[in-house]
2 protein chains.
Amino acid sequence: MTVTLADVAARAGVSPATVSRVLSGNYPVAEATRARVLRAVDDLDYVVNGPASALAAANSDLVGILVNDIADPFFGIMAGAIQSEMGPAVPPAADAWGPGQAPGGPQGRVATGPAGPAPAAEKLAVVCNTNGSPERELTYLTLLQRQRAAAVVLTGSAADGPEHTERLAAKVARLVAAGTRVVLCGRPPVAGALALTFDNRGGARRLTEHLLTLGHRRVGYIAGPAERTTTRHRLEGHLAALAAHGLPAQAPGTQAPGTQPGGAPAAAPEPPPLVVHGAYDRASGYDAACELLRREPGITALVAANDTVALGACAALRDMGLSIPRDVSVTGFDDLPFSADAAPALSTVRLPLYEAGARAGRLALGREAPPPGGVAMIRAELMIRDSTAPPPAPGR
Amino acid sequence: MTVTLADVAARAGVSPATVSRVLSGNYPVAEATRARVLRAVDDLDYVVNGPASALAAANSDLVGILVNDIADPFFGIMAGAIQSEMGPAVPPAADAWGPGQAPGGPQGRVATGPAGPAPAAEKLAVVCNTNGSPERELTYLTLLQRQRAAAVVLTGSAADGPEHTERLAAKVARLVAAGTRVVLCGRPPVAGALALTFDNRGGARRLTEHLLTLGHRRVGYIAGPAERTTTRHRLEGHLAALAAHGLPAQAPGTQAPGTQPGGAPAAAPEPPPLVVHGAYDRASGYDAACELLRREPGITALVAANDTVALGACAALRDMGLSIPRDVSVTGFDDLPFSADAAPALSTVRLPLYEAGARAGRLALGREAPPPGGVAMIRAELMIRDSTAPPPAPGR
DNA sequence: CTGTTAGCGCCTTCAG
DNA sequence: CTGAAGGCGCTAACAG
């Protein structure tokens with residue numbers, strides 16, 4: 001039914017081994033036969049049988065990319081960047097043969113010789129959507145392990161909590177043991193894997209400091225899902241900034257520093273916490289903003305877990321008749337493309353998603369030297385735009 | 001090094017064939033042995049060798065999803081929907097799985113332990129980013145063919161033009177011949193493949209009609225990349241609406257119907273066309289809006305190729321000090337999540353991206369009967385919101 | 001129900 | 001430089 005390597009060999013009048021050698025290009029073959037084989041391949045429309053080749057060679061050209069939400073540009077940008085690095089081989093005289101793409105130039109890559117490690121073939125970069133489910137994450141990892149994937153890149157926040165962390169670590173260990181390279185991008189490190197982690201804590205801290213410096217004292221925080229590492233880290237940064245200014249995390253008003261949170265239960269009504277958790281989406285931002293302003297109408301600034309959430313919060317504020325940033329300042333996180341276009345342009349923290357993804361891709365292919373210790377921290381950059389300003393005058 | 005099926009067989013004291021049978025679950029096995037095998041699998045942390053199994057069975061559980069831009073929610077939503085249908089099996093206990101739909105015996109693998117080790121059957125849905133390059137599209141198709149993918153879903157607009165159309169058709173034919181199911185989602189049909197096409201022409205036409213009905217007569221059109229089918233179809237719909245109202249496509253002002261475009265070359269200066277092409281992104285929308293208003297300051301409405309482009313146009317208008325929709329109305333297309341949140345909320349055409357993607361996923365797995373003729377047209381729904389209104393009074 | 005027997009298509013020594 | 005031979009790990013008929 002389907003044409004095999006043997007068919008090509010017959011057509012070209014050579015042995016299967018020779019065809020194999022021509023195709024994988026990692027072994028000297030006479031230019032004449034080489035051409036003959038290539039033509040036969042073309043004539044027959046031959047396409048290598050991946051499974052068979054993977055079985056025999058004990059490796060495949062599959063590279064898996066796991067994302068939490070494929071509909072979110074945050075992941076789309078990283079995934080796209082990772083894939084962009086999976087192209088055919090290295091810089092010079094790119095030899096992208098492939099069954100179908102005949103010998104590029106007259107002599108293709110003949111004289112090039114081993115310009116590097118090996119004319120690495122094109123990788124099949126593939127993205128898998130976990131939908132934020134730790135369960136599905138593990139499942140995909142197993143599926144990828146099954147395929148003997150060459151590498152796996154896990155992006156975005158991980159599920160927080162010991163059990164999953166442990167199960168993931170075990171899985172990663174097995175993958176690595178099986179020869180699969182594992183890279184984490186925008187995630188906390190895991191033993192055995194290379195990691196590019198974002199400075200979520202630092203970015204969040206500087207963002208809140210920016211607000212405090214402007215004079216804000218009643219700052220609401222719209223956090224992401226409670227069980228995610230990124231959520232926790234950003235919140236920690238925020239709280240650290242607050243603490244550094246002597247502001248108790250949940251103080252609703254201008255409370256004196258040092259006030260112990262667990263105060264009198266009945267006499268003085270417990271101050272409502274100014275942190276609300278929700279999903280990383282626009283609707284959550286909207287709802288959370290409403291909730292926070294209900295709890296504490298005196299809020300003058302809202303820090304959102306990410307840009308999408310921030311936009312939802314802006315919409316809520318608008319609907320309440322509040323002006324941004326005159327009445328309330330709002331900040332996001334990530335600096336996704338649309339943030340600069342929002343009205344008003346969002347003050348946020350820029351994460352170099354594309355650059356980080358590209359680097360992760362290179363690491364996954366072993367095309368770049370791993371950072372010392374296997375872990376690198378990616379800096380976040382403050383982007384101050386138009387959604388933040390000093391709070392309204394006290395007696396507004 | 002790695003544990004194989006034979007190891008498991010030995011550990012369980014059965015033959016490899018038996019292990020294979022319990023793992024694929026498509027053959028009766030005594031409950032006792034079955035349990036023994038499962039335990040051995042678990043003890044040894046065994047994971048099937050995908051390539052080997054694919055080779056032997058002549059099929060794999062890979063399903064490819066091709067998208068033009070993975071960072072664009074338009075594709076992310078469809079891809080996510082498609083993947084959501086690739087789950088383990090169907091709704092009830094019914095276990096429709098295996099390389100082909102196994103008999104799903106009376107109690108198949110019911111009594112299995114806790115979420116068995118490798119409940120298999122799960123398809124590995126995988127998305128590939130072509131970045132809008134016809135070349136890469138073909139390459140990915142080859143890569144997927146190499147892997148003997150079970151199915152392939154191509155989403156979004158196709159490259160327009162005979163050569164690519166033909167090459168694609170040939171590739172699709174080969175894939176289908178090799179047993180891979182091919183589904184098109186949001187694309188024009190291709191022989192041999194099932195297709196779910198969006199009513200881009202109709203949607204665009206109704207959108208422009210909406211504007212004309214409001215009283216607009218000088219309508220600018222911001223089109224997508226010229227060489228894409230979706231671009232062409234939407235533009236055709238727009239022009240059809242214009243023509244139906246007796247408005248020449250490129251008339252800059254209130255021109256009398258019937259005026260022949262190719263008029264006097266020097267005497268009467270050629271009216272500037274009111275259509276500008278650009279990428280499907282926000283920056284293009286911004287630039288195109290500027291360009292159109294430069295060409296024809298009297299424009300009272302801007303029709304954008306999609307929502308993202310429309311938002312860019314809105315930003316441009318805002319920067320020019322124009323109010324939406326008081327001075328200029330703006331429309332989008334697709335109805336992506338953020339469109340309803342824009343300020344003002346965007347009038348657009350809703351494409352049921354998620355539903356279409358889910359259906360495409362089911363078709364790809366053969367879980368749903370194909371539409372008659374293999375092609376189904378997906379209706380687009382007009383969503384009138386706040387970015388459109390009657391044009392300003394004549395003598396504004 | 002379970003074991004046995006052949007390959008699936010390709011890569012990879014090992015000769016020539 | 002090229003051919004011949006063995007086996008990668010698993011599944012799919014056939015026996016029993």
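In the text below, chain A, chain B and the rest are named by the order of the sequence lines, each starting its count at 1.
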*asked:* Closer than 3.5 angstrom, by distance alone: can the side chain of B:Glu137 be matched with the main-chain N or O of B:Thr130 as a donor-acceptor pair?
replied: no
*With axes from five pairs an end, tell me the bend angle of the helix from C:dC1-D:dG16 to C:dG16-D:dC1, nearest 10°.*
30°
*Along DNA chain C, 5' to 3', what are the outermost nucleotides having an atom less than 4.0 Å from a heavy atom of chain B?*
C:dC1 to C:dG9
_B:Gln83 side chain vs A:Asn129 backbone, donor-acceptor pair below 3.5 Å_ = yes
*With A:Thr155, which of A:Leu66, A:Ile65, A:Val183 fulfils side-chain contact (heavy atoms from CB on, under 4.5 Å)?*
A:Ile65
*Of B:Gly13 and B:Ala56, whose closest DNA chain C nucleotide lies nearer the 5' terminus?*
B:Gly13
*Salt-bridge test for B:Arg167 and B:Glu135: reply yes if a basic N is under 4.0 Å from a carboxylate O, no otherwise.*
yes
*Heavy atoms under 4.0 Å, any strand shown: does A:Ala30 hit a base, just sugar-phosphate, or nothing?*
sugar-phosphate
*Scan A:Val19 against the nucleic acid and name what it touches under 4.0 Å (heavy atoms): base, sugar-phosphate only, or nothing.*
nothing
*Can you check the A:Arg36 CZ to D:dT2 P distance for me, whole Å?*
8 Å
*Could you state the CG-C1' distance from A:Asn49 to D:dG9, rounded to the nearest angstrom?*
14 Å
*Tell me whether the OP1 or OP2 atom of D:dT2 has a side-chain N or O from A:Thr33 closer than 4.0 Å.*
yes
*Return the value, rounded to whole Å, for the distance between atom CG of B:Asn26 and atom P of D:dA12.*
7 Å
*asked:* Base, sugar-phosphate or nothing for A:Leu55? Non-hydrogen atoms, less than 4.0 Å.
replied: base
_So does A:Asn59 get a backbone contact from the side chain of A:Arg148, meaning a donor-acceptor N/O pair under 3.5 Å?_
no
*Map B:Arg21 and B:Gly50 onto DNA chain D by nearest heavy atom, then report which one ends up closer to the 5' terminus.*
B:Gly50
*asked:* Check B:Arg359 with B:Glu368, please: is the shortest side-chain N to carboxylate O separation under 4.0 Å?
replied: yes
*Electrostatic pair B:Arg39:B:Asp43 at N-O distance under 4.0 angstrom*: yes
*Do we see a donor-acceptor contact under 3.5 Å between the side chains of A:Asn49 and B:Gln147?*
no
*Between A:Ser24 and A:Asn26, is any side-chain donor less than 3.5 angstrom from a side-chain acceptor?*
yes
*What integer distance in Å separates B:Asn59:CG from D:dT11:C1'?*
10 Å
*asked:* Quick check on D:dG3: is either OP1 or OP2 less than 4.0 Å from any side-chain nitrogen or oxygen of A:Thr18?
replied: yes
